[in-house]
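Have a look at the structure below before the remarks.
The basis for the numbers below is simple: all heavy atoms, side chains too, and nothing from hydrogens, waters or symmetry mates. In what follows, chains are A, B, ... by sequence order, proteins preceding strands, each numbered from 1. Note that the structure is a prediction, hence the values are computed from the model and not measured.
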Protein chains: 2
Amino acid sequence: MSLSRESAPVTMEMVAKAAGVSMSTVSRVLTGTVAVSETKRVAIEKAIAELRFVPSPVARSLAKGRSMTIGIVTQAIDSPFYGLAMRGIEDELNPAGYMPLFVSGHWNVKTECQCIDALRARRVDGVIVLTGRLTDQALIECARFLPTVVTGRNLTAPGICAMNFDHFSGGMLATRFLLESGHRRIAFIAGDPDQPNSSERQRGYQAALEAAGIAFDPDLVMPGDFHEASGMLAVDRLVTAHIPFTAIFAANDQMAYGAALGLRRRGLRVPDDVSLVGFDDLPGSQYAAPPLTSVRQPAYELGQVAAVAMLQMLSGTIPTCDLPPLTLTTRESTRRLLG
Amino acid sequence: MSLSRESAPVTMEMVAKAAGVSMSTVSRVLTGTVAVSETKRVAIEKAIAELRFVPSPVARSLAKGRSMTIGIVTQAIDSPFYGLAMRGIEDELNPAGYMPLFVSGHWNVKTECQCIDALRARRVDGVIVLTGRLTDQALIECARFLPTVVTGRNLTAPGICAMNFDHFSGGMLATRFLLESGHRRIAFIAGDPDQPNSSERQRGYQAALEAAGIAFDPDLVMPGDFHEASGMLAVDRLVTAHIPFTAIFAANDQMAYGAALGLRRRGLRVPDDVSLVGFDDLPGSQYAAPPLTSVRQPAYELGQVAAVAMLQMLSGTIPTCDLPPLTLTTRESTRRLLG
DNA sequence: CGCTTGTATGCAAGCGCTCTCAAATTTGCT
DNA sequence: AGCAAATTTGAGAGCGCTTGCATACAAGCG
């Protein structure tokens, strides 16, 4: 395995020599900042092509102090929801010549801090934080050094651009839909209480209930942690406690999947016996059995908007942090309750 | 938004000055290569701590010619299967001080080539290619410059480490299980014909049939492309053509999900009317309705093994490319056919 | 005590590129 | 043709760190 690899890459100096010009001139045609005479430009381009010269971003970063890299703090590289956002970021950053550098915080404040440090050490030109548990303070601190975009929270601070969906409305949307379908006993499976968005969804649920003149019954609210298992457990509890319900609104799709399985295990059919609504509208929800009705969070677009905002900050423009509203995707996991 | 950020980061020179030593000495305690007197070391460490100095990987990369970064060519940053592998890579690389740099090839030869070029330009120290459509030749070329690890194919070449699961056995495993459960009419939904692994699975299917003395019926093989929609379409065709079958083996889980939905639409129940087996055992399969029986590809472990192999190559060791065997995870989407 | 080993330190030359500044060249005008 | 102005070009000083080489100093020996 001790293979001798092609060694020294072609450098700008070699190109300059080959084209009979100075390095400065080569650099100029590369960056395109200053005009260069036609003849020289052609000669240089020819030399570049012949030598297959590729400028070193490393050297360039060092010289310019910019790395053309944007650090992305995601929570897990294999997260179905953030995966979509990452894709949106990637699709938006690449054409602009930037490369995303993904690191995972694993919903752990300390890890997330280390991520930011590592990114700063690598001289990224900006940081996009996808939700996470970092304190606002930590983000403000981060923004002192680098343009910072953060999703999943509302925060106004200098040099920072925050964007968030309206989870409250999303919660209302789902609940109202169930209400309008004739459901009165709607269970709610809550998400991770540490995440503000989670409680926003719950507030939406309660607000919709209230608006419909239905008393809020705390017995119908089950704790959860955004993972499948907790959705399943919630159903177990509900059934075991003999709490009547005709619908379930889960604070995210993963818990809805778990709930679906829990219902199935109990011999309850979706949507015949119980209507089920999720939140996120993950790609898989379309092919769930039955296909899941869910509050759609356009994650891909979220990523795009975040990336564009970053690009704007980088170019000195005031970023636009507007996100599309949450919508409800109705599928087959819900049904109208007859009179 | 024109915030004036903290500007010049702390440099080694400042540390050297603060500690009253030369930069070389600072560098030496940083890299730990050469012995440094106790007193100076303490002084330097103190200065580093006080100034909160973090060495610039960019400058270091330029000076050493190594970036402590490993390029990962994945196919889609939001792929459920490769996501797990990426996580395995991340978990293995980080403790070793390396950072993975993920780029997406989107199953497109040209894009994948660009990915490799971009990674090389960024001076990554090695490349891990997760399957993809690159020609063996392109990989061999890549390995001329950088340590290369590739998954999902078998390839022996200098400086390259390839690892692959035994998809043929996986195909046999699933089929044999169905056979042993009493099924005789087993439909197969094929994957993307361009991927060798896909046809390997099919070969396994046919081999198992043959071994059981059952004639292979080409009518039972439906084309597919590894996506949900094609699984659904396959069921449609099967049913429309009145081809009898009691089980379906889909070449991956996503198509199995699609097939499950297709069956549901046709009023066929899983597993009562039709048994269903997938391939991959994606995280979601555990919570599918019903939970899906599937050939488990340990993707996370795959990532780990790939990362370890890379680390070994980097340290001049002969890499180990052994992957665990494929196993069958039996869940509720299959049932025994009564004699 | 002078000599050879050995160890700890500093100097300075890169790594490959960018960018300022001044020199060299061209252009425009009278 | 002659001069100022505009344009193109090159030299060279960084960017922050590593490292080979030389120097300084301490220890070990006869």
Closest non-hydrogen atom pair, Val29(A) against Arg41(A) |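 Minimum heavy-atom contact is CB-CG, 3.9 Å.
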Where the side chain of [X] meets the backbone of [Y], is there a donor-acceptor pair that is under 3.5 Å apart?
X: Thr151(A); Y: Thr131(A); answer: yes
X: Ser104(B); Y: His106(B); answer: no
X: Asp125(B); Y: Ile70(B); answer: no
X: Thr31(A); Y: Ser27(A); answer: yes
X: Glu112(A); Y: Val73(A); answer: no
X: Asn154(A); Y: Asn164(A); answer: no
X: Arg133(A); Y: Trp107(A); answer: yes
X: Ser56(A); Y: Val58(A); answer: yes

Might you list the N or O atoms of the protein lying below 3.5 Å from N or O atoms in nucleotides 19-21 of chain D, with each pair's distance?
unit_1	atom_1	unit_2	atom_2	d
dT19(D)	O4	Ser24(B)	OG	3.4

Verify the neighbour count for atom CD of Glu301(B): are there more than 12 heavy atoms of other residues, nucleotides or ligands below 6.0 Å?
->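 Counting other residues, nucleotides and ligands, CD of Glu301(B) exceeds 12 neighbours.
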So, are Arg144(A) and Glu141(A) salt-bridged, with charged N and O less than 4.0 Å apart?
->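 Answer for the salt bridge query: yes.
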From the list dC17(D), dC17(C), dT8(D), which nucleotide is the closest neighbour of the side chain of Arg60(A)?
->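 Nearest nucleotide to the side chain: dC17(C).
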Would you say a side-chain N or O of Thr11(A) is under 4.0 Å from OP1 or OP2 of dG16(C)?
->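 Checking dG16(C) against Thr11(A), no side-chain N or O comes under 4.0 Å of OP1 or OP2.
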So what is the end-to-end bend of the helix from dC1(C)-dG30(D) to dT30(C)-dA1(D), with 5 pairs used at each end and the value given to 10 degrees?
->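 It works out to 40° between the end axes.
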Could you state the atom-to-atom distance from [atom1] of [X] to [atom2] of [N] in whole Å?
X: Met68(B); N: dG16(D); atom1: CE; atom2: P; value: 21 Å
X: Arg123(A); N: dC15(D); atom1: CZ; atom2: C1'; value: 10 Å
X: Glu13(A); N: dC15(C); atom1: CD; atom2: C1'; value: 11 Å
X: Met12(B); N: dT9(C); atom1: CE; atom2: C1'; value: 13 Å
X: Arg66(A); N: dC17(C); atom1: CZ; atom2: P; value: 17 Å

Close approaches to DNA chain C from residues 36-58 of chain A, in residue order (heavy atom, under 4.0 Å) |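 The stretch gives Phe53(A), Pro55(A), Ser56(A) as the residues lying under 4.0 Å from the strand, ordered by number.
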Could you pick out which residue, Gly20(B) or Ala59(B), lies toward the 5' side of DNA chain C when each is mapped onto its nearest nucleotide?
->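 Final value for this comparison: Gly20(B).
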Look at all strands and tell whether Val26(A) reaches a base, only sugar-phosphate, or nothing, counting heavy atoms closer than 4.0 Å.
->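 No contact at all - Val26(A) keeps every heavy atom at 4.0 Å or more from the nucleic acid.
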